[in-house]
Structure formats: structure tokens, C-alpha cells
Number of protein chains: 2
Amino acid sequence: MDSIDRKLLNLLQRDASRTNVDMASEVGLSPSSCLRRLQRLRRSGVINRIVAILNPAKVGRVIKAMVTVELKLHGEEHMRRFLKAATAEEAVSHAYAVTGENDIVLMLRLRDMEELDALSEKLFTDQTNVARYITTMVIRTAKEETAVLM
Amino acid sequence: MDSIDRKLLNLLQRDASRTNVDMASEVGLSPSSCLRRLQRLRRSGVINRIVAILNPAKVGRVIKAMVTVELKLHGEEHMRRFLKAATAEEAVSHAYAVTGENDIVLMLRLRDMEELDALSEKLFTDQTNVARYITTMVIRTAKEETAVLM
DNA sequence: CACATGTTCGCAATATTATTGCACAATGGG
DNA sequence: CCCATTGTGCAATAATATTGCGAACATGTG
């Protein structure tokens, strides 16, 4: 992992649709050599995957919300059970176990308020071991970055 | 935007490194026809961009945290100024203006606690108009999904 | 320093893929 | 029913990815 690898990773995180030939010339390598680095980075697991990032507003997921959850029973098994149910929901984009007053933080991407209503009823009830939950609506998205600069 | 487009978008969100030829056969189209759909989806802005998702742990960003921020002065201009400063930080992966007790929620990806210390001192001071902030550490990441299923 | 070992490199040949023009089929108003 | 629009497949071409190979380079050892 040298400076050329880091350059390539930064390029890929910004735009992975570029051709190998193109990136090779930018980092000053021959296409073959550059390709072998890319293959190595993928095999080694530094590059998890290559994905398309859609415009959520153009595919009907316009509402974002954050939910902080406190469980009634805090044991590892209860935690795991709740997280399993939450992550199974496609409206749940992020799910974290956290320190502090709350046990879990979820980020949601929703089509409309009805979906929030239905999901809340499904995930945050007595049956799911939830003592308290607070829903916070996102008014403005100032940054959403998948890249990790190096 | 028909059912084939949606299929393509779901494929691309899971793995955008697949070849056009490959995806064409999966959705039952000729490569040329499939390619023209992909080009259209990109030009129309439904596909924002194609990016590489790295393994944060393998590039030294192992700590995640969430920070909720309440500003002292709540005007639009103050909000904008704080968000500008926050989004400029590469440790800040997500930044949202939100409803409720707090004004802003940030997600952080950090190398170590020193970086959290330095960033907190830089972003959450009197000079930056912060009345109160609460830092919550992420213990476990149960889900982080860029895809928006359709 | 000389040498052995392993890694990375560029070149060139080949395979695979992307891209485009064109004619034809499907679709949806008027 | 006809026309205009859009989408489709085919085929030719251009661009790109992929691999073998020998040379350059770095590294560690006697």
C-alpha cells in the first residue's frame, strides 16, 4: 500500500466508472501495471465493492429520519434480536449499536409518512423490547459521503 | 422507467463492476440496448455516480461516532455557516439539519480518539455558535447500505 | 560488494467489452 | 388506421481489459 495505491483508491471512491487506461495515465503507470494494482486491492478486501449511488429523490425515497432507541432489556441477545429485525427492513439504511442514553440509532429512508408510521408500529413496540424511541426528521442533507480520504 | 430499468438499478446498486454484456443477458436484452438504458439512467441523474466502497477498517478509519449539536443562534445564516465548516471536514461523513431538540446531526469516521478530540475542539466551541453537543460512540455497525431498493 | 529472491514494471499479443449506425418492431396518440 | 416516437437487435468498429514474458528494481543475506 504505497502512495500510488492511495491515489487510486481516492480516484475510485470519487468515480469508479473511469477506465483503467484513464486512471493509469493519471497516476503515471502503464495500464497493465495499474490493473494489477486494482486487482490486488480488490482481492485484499481494501475495496469492498463497486456500487452505483442513486439519487434517492428520483427513485421515490424522499424522506429521511433518524430514530434513537432505548431497549427495555439490554442483554446481548436482546440487542441482537432487535438489530436483526431492524436491518431486515429495506427502509433502514444504517443501524448502529451505540453508547450513551440510547442503545441503538437507525437511519431511515422513506417514501412517505405512512411508511414511517407502519415501520414504527412494526419495529418500536413492546413486543420488540423497546422502552422508548425518539424520531428525528432530517430537514436538510448537507453531506453524505461514502469516500474515506487517505 | 420501467421494470427493466428498475432491475438494472438494483443490479448496479449491488455491484456496479459487472459488465454491460453480463447485465444485458440477466435482464434479457441485447448489450447495445442495455447500454443505451444505462447511458440514459446516468444522463437523467437517476444514477448519481459509481463509486468504490472501501473497508474503513483496512484504511485506518476504525472509530465511528455520532454527534448531536444544538446551536446557540438558530437563524438560517448561522445554520449554514456551521454546516459549511462541518462538511469541510473529511472525518465528517454525514451531516444533517434535523428537527427536535437538536439542530444538527453529524456522523464521524475517525482514525483514533486524538482525532475526535481535535475535531471537537475545532467544531464545537463558542466561536462556532454551539450551545451544546453530545457525542455518541458507535459500538457495532449492524447495517450501512447505500442501495435504495425499488 | 556480489548474489539470490521476490516484486513491480512496461511491452506486446489476445480476448473481451463498449460504442455507434442502421433497419426494423413496438407503442401510443391523433 | 396511419404516423411519429421510442426502443430494439444486428453487425462493424473502437476502446478497453487481460495475460505472458523478460527487464528493471528493490531487498535482504553471506
Side-chain angles (χ1 to χ4, degrees), chain A residues 1-62 90 111 145-150, chain B residues 1-62 90 111 145-150:
Chain A
M1 171 83 70
D2 59 5
S3 108
I4 295 182
D5 279 343
R6 278 188 287 274
K7 259 189 215 168
L8 286 174
L9 289 173
N10 282 336
L11 294 180
L12 284 172
Q13 287 190 107
R14 276 183 255 144
D15 181 3
S17 69
R18 298 181 60 183
T19 67
N20 174 50
V21 177
D22 194 19
M23 292 188 290
S25 81
E26 181 153 343
V27 301
L29 278 183
S30 70
S32 62
S33 209
C34 184
L35 182 67
R36 272 183 274 251
R37 278 172 181 267
L38 295 176
Q39 290 170 335
R40 181 166 47 75
L41 288 170
R42 231 181 289 186
R43 272 198 308 272
S44 70
V46 176
I47 298 175
N48 248 340
R49 49 197 199 138
I50 310 282
V51 301
I53 305 291
L54 303 193
N55 185 336
K58 295 216 174 186
V59 294
R61 296 266 181 178
V62 292
E90 62 175 60
R111 290 182 217 279
E145 181 58 68
T146 55
V148 180
L149 293 190
M150 297 184 311
Chain B
M1 170 83 67
D2 59 5
S3 107
I4 294 182
D5 279 343
R6 276 188 288 274
K7 258 189 216 169
L8 286 174
L9 289 173
N10 282 336
L11 293 180
L12 283 172
Q13 287 190 110
R14 274 184 256 144
D15 181 3
S17 70
R18 297 181 62 182
T19 67
N20 174 49
V21 178
D22 193 21
M23 292 188 291
S25 81
E26 180 153 344
V27 302
L29 279 184
S30 70
S32 62
S33 210
C34 183
L35 182 67
R36 273 184 272 253
R37 279 173 181 266
L38 294 176
Q39 290 170 334
R40 182 166 47 73
L41 288 169
R42 232 180 289 185
R43 273 198 306 273
S44 70
V46 176
I47 297 175
N48 249 341
R49 48 196 197 137
I50 311 284
V51 300
I53 305 291
L54 303 194
N55 184 336
K58 293 216 176 190
V59 295
R61 296 267 181 179
V62 291
E90 62 175 58
R111 291 183 217 279
E145 182 57 70
T146 55
V148 181
L149 293 189
M150 296 185 313

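Letters A, B, ... mirror the listed sequences (proteins, then strands); counts begin at 1.
Taking each heavy atom of A:V62 and A:R111 in turn, the nearest pair found is CG2-O, 3.8 Å. Closest non-hydrogen pair, A:K7 versus A:V27, comes out as CB-CG1, 4.1 Å. Residues B:Q13 and B:V148 come closest through the heavy atom pair OE1-N, 2.6 Å.
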Which side-chain N or O atoms in residues 46-57 of chain B pair as donor and acceptor under 3.5 Å with protein atoms at least two apart or in another chain?
| unit_1 | atom_1 | unit_2 | atom_2 | d |
| --- | --- | --- | --- | --- |
| B:R49 | NH1 | A:R14 | O | 3.4 |
| B:R49 | NH2 | A:E145 | OE2 | 3.4 |
| B:N55 | OD1 | B:A57 | N | 3.2 |

Using distance only, find each side-chain donor-acceptor pair of residues 29-39 of chain A under 3.5 Å and give its atom names and separation, not counting sequence neighbours.
| unit_1 | atom_1 | unit_2 | atom_2 | d |
| --- | --- | --- | --- | --- |
| A:S30 | OG | A:S32 | OG | 3.3 |
| A:S30 | OG | A:S33 | N | 3.4 |
| A:R37 | NH1 | A:D2 | OD1 | 2.9 |
| A:R37 | NH1 | A:D2 | OD2 | 3.3 |
| A:R37 | NH1 | A:D5 | OD1 | 2.9 |
| A:R37 | NH2 | A:D2 | OD2 | 3.0 |

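If you measure from atom CG of B:L41 to atom P of D:dG7, you get 11 Å, rounded to the nearest angstrom. A straight line from CG of B:L8 to P of D:dG7 spans 13 Å, rounded to a whole angstrom. In this structure, the CZ atom of B:R18 is 16 Å from the C1' atom of C:dA18, given to the nearest Å. Taking atom CD of A:Q39 as the reference point, atom C1' of D:dA17 lies 9 Å away to the nearest angstrom. Rounded to a whole Å, the CG atom of A:L35 is 15 Å from the C1' atom of D:dA15.
Contacts classified as salt bridge (charged side-chain N to carboxylate O under 4.0 Å, His left out) and involving residues 19-30 of chain A (residues at least two apart or in different chains) are given here: A:R18-A:D22, A:R18-A:E26.
For A:D15, the side chain to side chain donor-acceptor pair (under 3.5 Å) partners two or more places apart in sequence, or in a different chain, are A:S17.
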inquiry  = For nucleotides 8-16 of chain C, give me one character per nucleotide, 5' to 3': B if any protein heavy atom sits under 4.0 Å from the base, S if the only such contacts are to the sugar-phosphate, - if neither.
reply    = SSBB-----
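Here the CE-CG distance, from A:M23 to A:L11, works out to 7.0 Å after rounding to the nearest 0.5 Å.
End-to-end axis angle of the helix from C:dC1-D:dG30 to C:dG30-D:dC1, from C1' rotation axes over five pairs per end: 40° (rounded to 10 degrees).
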